[in-house]
A.B. asks: 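Got a structure here, written out as structure tokens. Questions coming.
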Amino acid sequence: QVQLVESGGGLVQAGGSLRLSCAASGRTFSSYSMGWFRQAPGKEREFVAAISWTGRSTYYADSVKGRFTISRDNAKTTVYLQMNSLKPEAAAVYYCAASSMSGIVALRSRNEYRYWGQGTQVTVSS
């Protein structure tokens with residue numbers, strides 16, 4: 001079992017930055033690939049970014065490529081999402097998830113994730 005808790009959300013002006021954190025419990029964090037998803041009101045939960053269990057491979061949605069960075073610290077059992085140049089459409093609840101999938105591109109699918117956090121709210125003001 002893996003328990004995930006997101007933090008770091010809040011209110012930010014358009015063009016600003018936020019860093020989200022996802023803390024994982026247990027001793028097997030490094031065995032999982034990790035992903036970030038987001039869900040805005042009235043919309044489906046969508047893929048944002050993923051990182052392999054080693055941290056050597058990353059994959060991003062086209063909408064955030066070049067502005068968001070996913071990283072992980074296995075010693076701290078934590079994954080991060082650095083969000084820069086935030087746009088109003090980035091406002092959503094952001095969810096952290098863990099997967100045993102080895103293929104990095106496959107991690108764009110919600111179906112590949114076994115564990116999910118409760119989410120953290122990101123609000124972007126114009």
Side-chain angles (χ1 to χ4, degrees):
Q1 294 291 322
V2 177
Q3 301 298 128
L4 305 173
V5 180
E6 302 94 336
S7 63
L11 175 64
V12 63
Q13 290 185 317
S17 299
L18 279 177
R19 189 193 193 197
L20 306 183
S21 298
C22 174
S25 66
R27 300 181 181 182
T28 59
F29 173 75
S30 62
S31 298
Y32 292 88
S33 297
M34 303 294 296
W36 285 97
F37 289 75
R38 65 188 180 189
Q39 187 168 22
K43 300 186 67 177
E44 296 290 322
R45 190 171 300 186
E46 66 175 350
F47 170 76
V48 176
I51 188 167
S52 64
W53 72 274
T54 63
R56 296 169 186 167
S57 298
T58 58
Y59 181 60
Y60 298 91
D62 289 342
S63 60
V64 306
K65 198 172 300 181
R67 298 183 298 110
F68 288 16
T69 303
I70 188 171
S71 61
R72 67 191 297 163
D73 185 337
N74 288 347
K76 296 181 178 180
T77 65
T78 301
V79 63
Y80 305 94
L81 184 68
Q82 178 67 46
M83 306 186 295
N84 298 327
S85 301
L86 282 165
K87 300 177 180 179
E89 52 263 42
V93 176
Y94 282 72
Y95 297 90
C96 175
S99 173
S100 59
M101 177 60 61
S102 59
I104 188 70
V105 176
L107 296 173
R108 70 190 301 176
S109 172
R110 299 187 302 271
N111 297 331
E112 302 298 335
Y113 292 86
R114 186 173 183 178
Y115 305 103
W116 294 83
Q118 298 302 304
T120 185
Q121 177 72 53
V122 173
T123 304
V124 183
S125 62
S126 60

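Note: hydrogens, waters and symmetry copies are ignored here, and every other heavy atom, side chains too, is used.
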A.B. asks: If you measure from CG on L18 to CG on L81, what distance do you get to the nearest 0.5 Å?
C.D. replies: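 Interatomic distance, L18 CG to L81 CG, rounded to 0.5 Å: 9.5 Å.
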A.B. asks: Take V64 and R38, measure what side chain to side chain contact (heavy atoms under 4.5 Å, CB included) needs, and give me the verdict at the end.
C.D. replies: CA-CA 12 Å; V64 306; R38 65 188 180 189; 4.0 Å; yes
A.B. asks: Roughly how far, to the nearest 0.5 Å, is CG of L11 from CD of Q121?
C.D. replies: 10.0 Å
A.B. asks: Quick one about R19 and Y80 (side-chain donor to acceptor, distance below 3.5 Å, no hydrogens or angles considered), yes or no?
C.D. replies: no
A.B. asks: Donor-acceptor pair, S57 side chain versus S52 backbone, under 3.5 Å?
C.D. replies: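 Here the side-chain-to-backbone pair does not exist.
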A.B. asks: Between the side chain of E6 and the main-chain N/O of G119, is any donor-acceptor distance below 3.5 Å?
C.D. replies: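 Side chain of E6 to backbone of G119: a pair is present.
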A.B. asks: Answer yes or no: is there a donor N or O on one side and an acceptor on the other, between the side chain of T120 and the main chain of S7, under 3.5 Å?
C.D. replies: no
A.B. asks: Judged by atom type as modelled, is there a donor-acceptor pair below 3.5 Å linking the side chain of Y94 to the main-chain atoms of Q39?
C.D. replies: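 No, Y94 side chain to Q39 backbone: no donor-acceptor pair under 3.5 Å.
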A.B. asks: Find the distance between CD (Q3) and OG1 (T77) and round it off to the nearest 0.5 Å.
C.D. replies: 12.5 Å
A.B. asks: Can you tell which of F68, Y60, Y95 makes a side-chain contact (heavy atoms from CB on, under 4.5 Å) with V48?
C.D. replies: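 Result: among F68, Y60, Y95, F68 is the only option passing the side-chain contact (heavy atoms from CB on, under 4.5 Å) with V48.
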A.B. asks: Can you tell me if NZ on K43 sees more than 12 non-hydrogen neighbours from other groups inside 6.0 Å?
C.D. replies: no
A.B. asks: To check you understand the geometry: which heavy-atom pair defines the closest contact between V79 and C96, and what is its length?
C.D. replies: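 Closest approach of V79 to C96, heavy atoms only: CG1-SG, 3.6 Å.
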A.B. asks: Hey, is CD on Q118 packed in by over 12 heavy atoms from elsewhere, all under 6.0 Å?
C.D. replies: no
A.B. asks: Work out which heavy atom in A97 is nearest to a heavy atom in Y113; give both atom names and the distance.
C.D. replies: CB-CD2, 3.2 Å
A.B. asks: Any heavy-atom pair between the side chains of V2 and R114 that's under 4.5 Å?
C.D. replies: no
A.B. asks: Please check this pair: side chain of S99 against backbone of E112, looking for a donor-acceptor N/O pair closer than 3.5 Å.
C.D. replies: yes
A.B. asks: In Å, rounded to the nearest 0.5 Å, how long is the span from OG1 of T58 to CD1 of I104?
C.D. replies: 7.0 Å
A.B. asks: Closest heavy-atom contact between A91 and A40?
C.D. replies: O-CB, 3.7 Å
A.B. asks: Under a 4.5 Å side-chain heavy-atom rule over Ile, Leu, Val, Met, Phe, Trp and Tyr, are V5 and Y115 clustered together?
C.D. replies: no
A.B. asks: So do I51 and S33 actually touch side chain to side chain, heavy atoms under 4.5 Å?
C.D. replies: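 No, side chains not in contact.
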A.B. asks: Assess whether side chain to side chain contact (heavy atoms under 4.5 Å, CB included) is satisfied between V122 and M83, documenting all intermediate values.
C.D. replies: CA-CA 10 Å; V122 173; M83 306 186 295; 3.9 Å; yes
A.B. asks: I want to check something: taking the side chain as every heavy atom from C-beta on, are C22 and W36 in contact at a cut-off of under 4.5 Å?
C.D. replies: yes
A.B. asks: With rounding to the nearest 0.5 angstrom, report the CD to CG distance, Q82 to L20.
C.D. replies: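 Atom-to-atom, Q82:CD and L20:CG are 8.5 Å apart.
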A.B. asks: Counting heavy atoms not belonging to R45, are there more than 12 under 6.0 Å from its CZ?
C.D. replies: yes
A.B. asks: Quick one: do Y59 and I70 satisfy side chain to side chain contact (heavy atoms under 4.5 Å, CB included)? Show the steps, please.
C.D. replies: CA-CA 9 Å; Y59 181 60; I70 188 171; over 6 Å; no
A.B. asks: For the residue pair R72 and W53, would you count it as a cation-pi contact if the rule is NZ or CZ under 6.0 angstrom from the ring centre and within 45 degrees of the ring axis?
C.D. replies: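 Checked: cation-pi criterion not met.
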A.B. asks: What pair of heavy atoms forms the shortest contact from S126 to A14, and how long is it?
C.D. replies: CA-CB, 4.4 Å
A.B. asks: Side-chain donor-acceptor pair under 3.5 Å between T78 and D73, yes or no?
C.D. replies: no
A.B. asks: Do the side chains of R67 and K87 get nearer than 4.5 Å, heavy atoms only?
C.D. replies: yes
